[in-house]
Amino acid sequence: MAIIKLQGESEKRRGLFYEVDSDMEPIGEGGTGKVYEGRCINTKTGETRPVAIKFMFADLPEQIVERARRESSIQLRNDNLVEMLGFIETESYVNNTIQKHYHVVSELLHGVSLTDIFDGKCTDAKGREIPYAKKLLNIYSKDPDHFAKIITINVLSGLMALHDAGYIHRDIDPSNIMITDDNHIKLIDFGICKQMDKLTTHDKVQTVAGVFMGKPEYASPELALGDIKHQNQTSDIYAVGILMYQCMLGHVPFEGTRYEILDKQVKVKLPAKNIKNVRLRRIVEKACDKKQELRYQTSAEMRVDLESLDIKRVMDPRKKRMLAIAAVCAILVIFGGLGSVYWYSSHKEAEHKALVEKNTRDSLVLIVKTSVKQAEDYANKGYMHDEGYDKYLVEAKRCYDKADEAVGKLETKDASFDYSQKKQKLVDALVSARDELSVKADVLQSDSDPIVVEESKLIRKRIEEIEKVLQNK
């Protein structure tokens with residue numbers, strides 16, 4: 001047994017480390033590395049949890065390493081997203097030369113991909129049957145409309161958390177959706193995610209104007225054109241619409257060579273008439289509109305529309321006969337008095353309205369909880385007062401602002417939404433950061449050295465960012 005211990009600076013501060021037995025067989029292998037099952041150990045509590053650790057191959061291109069680094073940095077905890085845990089660099093001497101080694105750590109998932117479901121498989125790589133996958137495969141074969149609704153709602157839930165954190169996925173397709181043995185549907189692979197509000201150094205490696213990234217079959221027009229400026233959350237919503245289409249019809253709307261598919265994504269209207277359910281067809285058409293401003297603008301909006309639909313499920317013949325008898329009785333009752341018809345339609349309308357209101361509230365509640373959690377994570381990093389700490393504090397304030405906006409739309413408030421003290425603590429920290437940076441900028445400004453002057457300008461910009469978020473009360 002050869003136990004390898006992995007620990008980065010972030011893990012040291014939190015009292016964590018990862019270990020893996022290098023003698024064990026890898027649980028997976030791809031083009032960038034081998035994946036092993038390992039353990040995360042908390043030295044403070046003694047708790048352990050299984051994790052997946054990718055040992056990346058040596059001499060990989062820089063963009064591949066940066067892609068892995070970016071993927072590891074998007075650390076969100078959500079039932080419909082894979083949880084990334086860390087990116088660890090180690091060094092070794094090879095022929096008197098220092099060689100770097102890179103490792104990606106994430107939660108350990110057992111399951112199958114949505115691609116496997118489409119192929120009729122519900123067993124993982126080791127031949128173990130995944131009960132939830134088997135259940136979904138059964139629904140897919142009998143009632144694809146209901147199957148599409150289940151998959152799409154779960155993917156949208158994951159996207160809500162991802163978008164609220166400021167990222168777009170840009171690579172949504174069946175191979176990046178996992179059906180797990182603990183009954184979850186998870187969106188994975190954040191390798192080409194992009195921050196919506198800005199383009200960082202890491203983004204520049206992942207994003208090149210005019211160059212398409214992702215899968216052509218699920219690419220929105222702006223992705224197909226490599227139009228970085230206009231890529232946003234509606235780009236992911238377009239891909240979800242394509243995914244819905246595939247779940248219902250068993251194939252993607254556009255096929256051909258890579259170039260032909262990308263050209264169709266830009267120029268050809270989605271053949272939505274193939275979708276028999278009119279209400280589902282309208283949802284897909286709106287999600288996949290060529291014009292971004294006409295699509296759903298948020299994942300929550302699309303999820304509310306989906307959840308409000310009462311999609312008819314496939315039933316066995318005996319149930320159908322019973323329903324037919326019930327329908328005849330219902331018709332007799334209806335013909336017995338128009339008053340019953342009026343009452344029934346009013347009742348159903350009230351039920352539908354109540355369901356839409358409930359789904360809207362649930363979506364807003366999820367936005368609040370996700371935003372507050374993200375704000376706390378950013379704030380904790382900012383309170384460490386490391387270099388650039390003010391940027392984390394600014395991001396935390398923006399997350400609280402998102403939570404405030406969602407709370408404002410809720411007609412009734414929830415006691416658990418009282419995060420005012422935490423928010424005030426953050427505001428106080430931002431004020432202190434602004435004052436501290438102002439003093440530093442004033443000192444540097446008196447120096448005529450060009451490098452120092454440039455540094456002073458950068459600090460002034462950071463102060464402006466703080467002022468901007470502080471103005472949003």
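All residue numbers refer to positions in the sequence shown, counting from 1.
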Check your understanding: Is the closest basic N to carboxylate O distance between R128 and D181 below 4.0 Å?
Key -> no
Review point. Excluding sequence neighbours, so at least two apart, what forms salt bridge (charged side-chain N to carboxylate O under 4.0 Å, His left out) with K422?
Key: E376
Review point. Hey, does the side chain of N80 reach the backbone of I185 with a donor-acceptor pair shorter than 3.5 angstrom?
Key: yes
Review point. L243 versus L114: any side-chain heavy-atom pair under 4.5 Å?
Key: yes
Check your understanding: Is the cationic atom of K425 (NZ for Lys, CZ for Arg) positioned less than 6.0 Å from the six-membered ring centroid of Y383 and within 45 degrees of its normal?
Key -> yes
Review point. Of the options E71, R70, E107, which is the one that meets M84 in a side-chain contact (heavy atoms from CB on, under 4.5 Å)?
Key: E71
Review point. Do the numbers put K286 on top of the ring of Y296, so that NZ or CZ is under 6.0 Å from the six-membered ring centre and no more than 45° off the axis?
Key: yes
Check your understanding: Is the closest side-chain donor-acceptor distance between Q265 and Y218 under 3.5 Å?
Key -> no
Review point. Any chance NZ of K134 has more than 12 other-residue heavy atoms, nucleotides or ligands included, within less than 6.0 Å?
Key: no
Point to revise | Backbone of D171 reached by a side-chain donor or acceptor of H169 within 3.5 Å | key: yes
Review point. Quick one: is the NZ or CZ of K5 closer than 6.0 Å to the six-membered ring centre of F17, and within 45° of its axis?
Key: yes
Review point. Hey, is CD on Q421 packed in by over 12 heavy atoms from elsewhere, all under 6.0 Å?
Key: no
Review point. Backbone N or O of D289 within a donor-acceptor pair of the R295 side chain at under 3.5 Å?
Key: yes
Point to revise | Pair R14-E9, salt bridge (Lys or Arg N to Asp or Glu O under 4.0 Å): steps then yes or no | key: CA-CA 9 Å; R14 292 178 290 157; E9 290 302 319; over 6 Å; no
Check your understanding: Between CD of Q231 and CD of E222, what distance do you get to the nearest 0.5 Å?
Key -> 6.5 Å
Exercise for review: Could you tell me which non-hydrogen atom of I192 sits nearest to which non-hydrogen atom of R170, and how far apart they are?
Suggested key: O-NE, 2.7 Å
Revision key, fill the gap. With E465 as partner, the option from R460, K397, K391, R398 fulfilling salt bridge (charged side-chain N to carboxylate O under 4.0 Å, His left out) is R398
Check your understanding: Would you say the side-chain atoms of Q292 pair up with the backbone N or O of H230, donor to acceptor, closer than 3.5 Å?
Key -> yes
Check your understanding: Using 4.0 Å as the upper bound for N to carboxylate O, is an ion pair formed by K423 and D418?
Key -> no
Point to revise | Shortest non-hydrogen separation from A219 to L262 and the atoms involved | key: CB-CD2, 4.3 Å
Exercise for review: Check whether any side-chain heavy atom of M302 lies under 4.5 Å from a side-chain heavy atom of I237, and answer yes or no.
Suggested key: yes
Check your understanding: Of all residues at least two apart in sequence or in a different chain, which pass the side-chain contact (heavy atoms from CB on, under 4.5 Å) check with H101?
Key -> T90, S92, Q99, H103
Practice item. Go through the steps to decide whether D145 and R281 satisfy the test salt bridge (Lys or Arg N to Asp or Glu O under 4.0 Å), and finish with yes or no. Key: CA-CA 10 Å; D145 285 359; R281 183 193 308 159; over 6 Å; no
Review point. Can you tell me if OH on Y140 sees more than 12 non-hydrogen neighbours from other groups inside 6.0 Å?
Key: yes
Review point. Do the ring planes of Y400 and Y419 sit parallel (below 30°), tilted (30 to 60°) or perpendicular (above 60°)?
Key: parallel
Practice item. Could you tell me whether K373 and D377 make a salt bridge, using a distance below 4.0 angstrom between a side-chain N and a carboxylate O? Key: yes
Review point. Under 3.5 Å, is there a donor-acceptor pair between the side chain of S113 and the main chain of S175?
Key: no
Check your understanding: Is it the case that H110 and T180 place a side-chain donor and acceptor less than 3.5 Å from each other?
Key -> no
Practice item. May I ask you to check whether Y102 and F87 place their ring centers less than 6.0 Å from one another? Key: yes
Check your understanding: Applying the side-chain contact (heavy atoms from CB on, under 4.5 Å) test to V105, which of L85, L16, L6, V20 qualifies?
Key -> L85
Review point. If you measure from the Lys or Arg side-chain nitrogens to the Asp or Glu carboxylate oxygens, is any gap between E62 and R69 under 4.0 Å?
Key: no
